[in-house]
Amino acid sequence: MTELLEQYQHKLARMTLREKIGQMLLCGFHGTEAAGDVERLLRTYPIGGVIYFARNIESPEQVERLSAGLQGIAAKSGQLPLWISIDQEGGMVARITNGVTLMPGQMAIAAAGSNEKAYEAAYISGLELKIDGDQHEFCSGPRY
């Protein structure tokens, strides 16, 4: 077992029920900076993470700063690292549109009938979002 995993398991064992429930919450917020309401939320409640929508996005560089800022607030508040997510499915659902590869929608990818191309599109999107600090992308997977 790794040292990091042991640290998290130890922290989990010490968490209150309120803190454990908070870890199941993923919250949206208004704004493009790690300040104001979202900062108060993170300092007050032990939430599990945040989700970005178009209202939170200006550029990939801004998203990277936002992610770092939110993680910093969580760390200073003694919380676990946040689960940062975005709804970036491709096609008409793209929250980040500048500085990233715009992928076709899932139906178009599925219509191509290629598992390899579907994997490649998801891999590229995942890499680009990871660079921006996003850890989870919500999407409907291609259906064959």
Side-chain angles (χ1 to χ4, degrees), residues 2 4-5 7-9 11-144:
T2 68
L4 185 59
L5 181 58
Q7 289 174 7
Y8 284 129
Q9 287 180 333
K11 183 164 180 79
L12 181 62
R14 293 189 333 250
M15 291 173 79
T16 66
L17 179 59
R18 180 178 187 261
E19 291 170 326
K20 289 176 182 177
I21 291 170
Q23 284 300 300
M24 293 188 270
L25 298 177
L26 186 66
C27 299
F29 62 97
H30 292 278
T32 57
E33 297 179 2
D37 290 340
V38 70
E39 182 176 8
R40 280 189 293 283
L41 174 73
L42 293 174
R43 292 192 188 284
T44 307
Y45 301 102
I47 65 168
V50 295
I51 181 169
Y52 296 155
F53 293 103
R55 65 181 179 246
N56 307 115
I57 309 296
E58 291 175 346
S59 69
E61 297 79 20
Q62 171 268 332
V63 171
E64 185 177 4
R65 287 190 307 274
L66 176 60
S67 298
L70 294 173
Q71 292 290 16
I73 293 167
K76 287 177 186 172
S77 299
Q79 296 184 32
L80 293 171
L82 296 170
W83 182 274
I84 296 179
S85 56
I86 189 167
D87 190 10
Q88 183 84 3
E89 296 177 26
M92 295 180 66
V93 182
R95 308 303 180 203
I96 300 176
T97 56
N98 295 317
V100 297
T101 307
L102 294 177
M103 296 297 169
Q106 300 300 309
M107 188 179 290
I109 291 173
S114 169
N115 290 340
E116 292 80 21
K117 294 296 181 188
Y119 176 85
E120 188 176 320
Y123 184 79
I124 291 168
S125 182
L127 279 179
E128 291 177 346
L129 291 173
K130 183 177 181 181
I131 289 169
D132 292 339
D134 300 317
Q135 301 159 326
H136 186 77
E137 173 184 356
F138 292 101
C139 65
S140 55
R143 292 173 178 83
Y144 297 98

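Here the structure is a predicted model, which is why all the values come from computation and not from measurement.
Remark: Q62 engages T32, E58, S59, R65, L66 in a side-chain contact (heavy atoms from CB on, under 4.5 Å) (not counting sequence neighbours). Applying the salt bridge (charged side-chain N to carboxylate O under 4.0 Å, His left out) criterion to E19, with sequence neighbours excluded, gives no partner residue. A search for salt bridge (charged side-chain N to carboxylate O under 4.0 Å, His left out) contacts involving R55 returns nothing, not counting sequence neighbours. The side chain to side chain donor-acceptor pair (under 3.5 Å) search around Q7 returns E3, not counting sequence neighbours. L17 meets the side-chain contact (heavy atoms from CB on, under 4.5 Å) test with I21; sequence neighbours excluded. Not counting sequence neighbours, the partners of E39 by the side chain to side chain donor-acceptor pair (under 3.5 Å) test are R43.
What you find for I73 and L42 is that their closest heavy atoms are CG2-CB, 3.7 Å. Closest non-hydrogen pair, N56 versus I51, comes out as OD1-O, 3.9 Å. Contact detail for S67 and Y52: the closest heavy-atom pair is OG-OH, 2.8 Å. The minimum heavy-atom distance linking L82 with G49 is given by the pair CD2-CA, 4.0 Å. Contact record, A34 with G69: CB-C, 3.6 Å, taken as the closest heavy-atom pair.
Atoms CG and CZ, on D37 and F29 in that order, are 10.5 Å from each other to the nearest 0.5 Å. Distance CZ/F53 to NE2/H30: 10.0 Å, rounded to 0.5 Å. Rounded to the nearest 0.5 angstrom, L80 CG and K11 NZ are separated by 5.5 Å. Considering CD of Q9 and CG of L4, their distance stands at 10.5 Å, rounded to 0.5 Å.
Counting heavy atoms from C-beta on, the side chains of V50 and L41 never come closer than 4.5 Å. Side chains of Y45 and R18 form a contact here, defined as non-hydrogen atoms less than 4.5 Å apart.
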Evaluation steps, side chain to side chain contact (heavy atoms under 4.5 Å, CB included), between V38 and E33: CA-CA 9 Å; V38 70; E33 297 179 2; over 6 Å; no
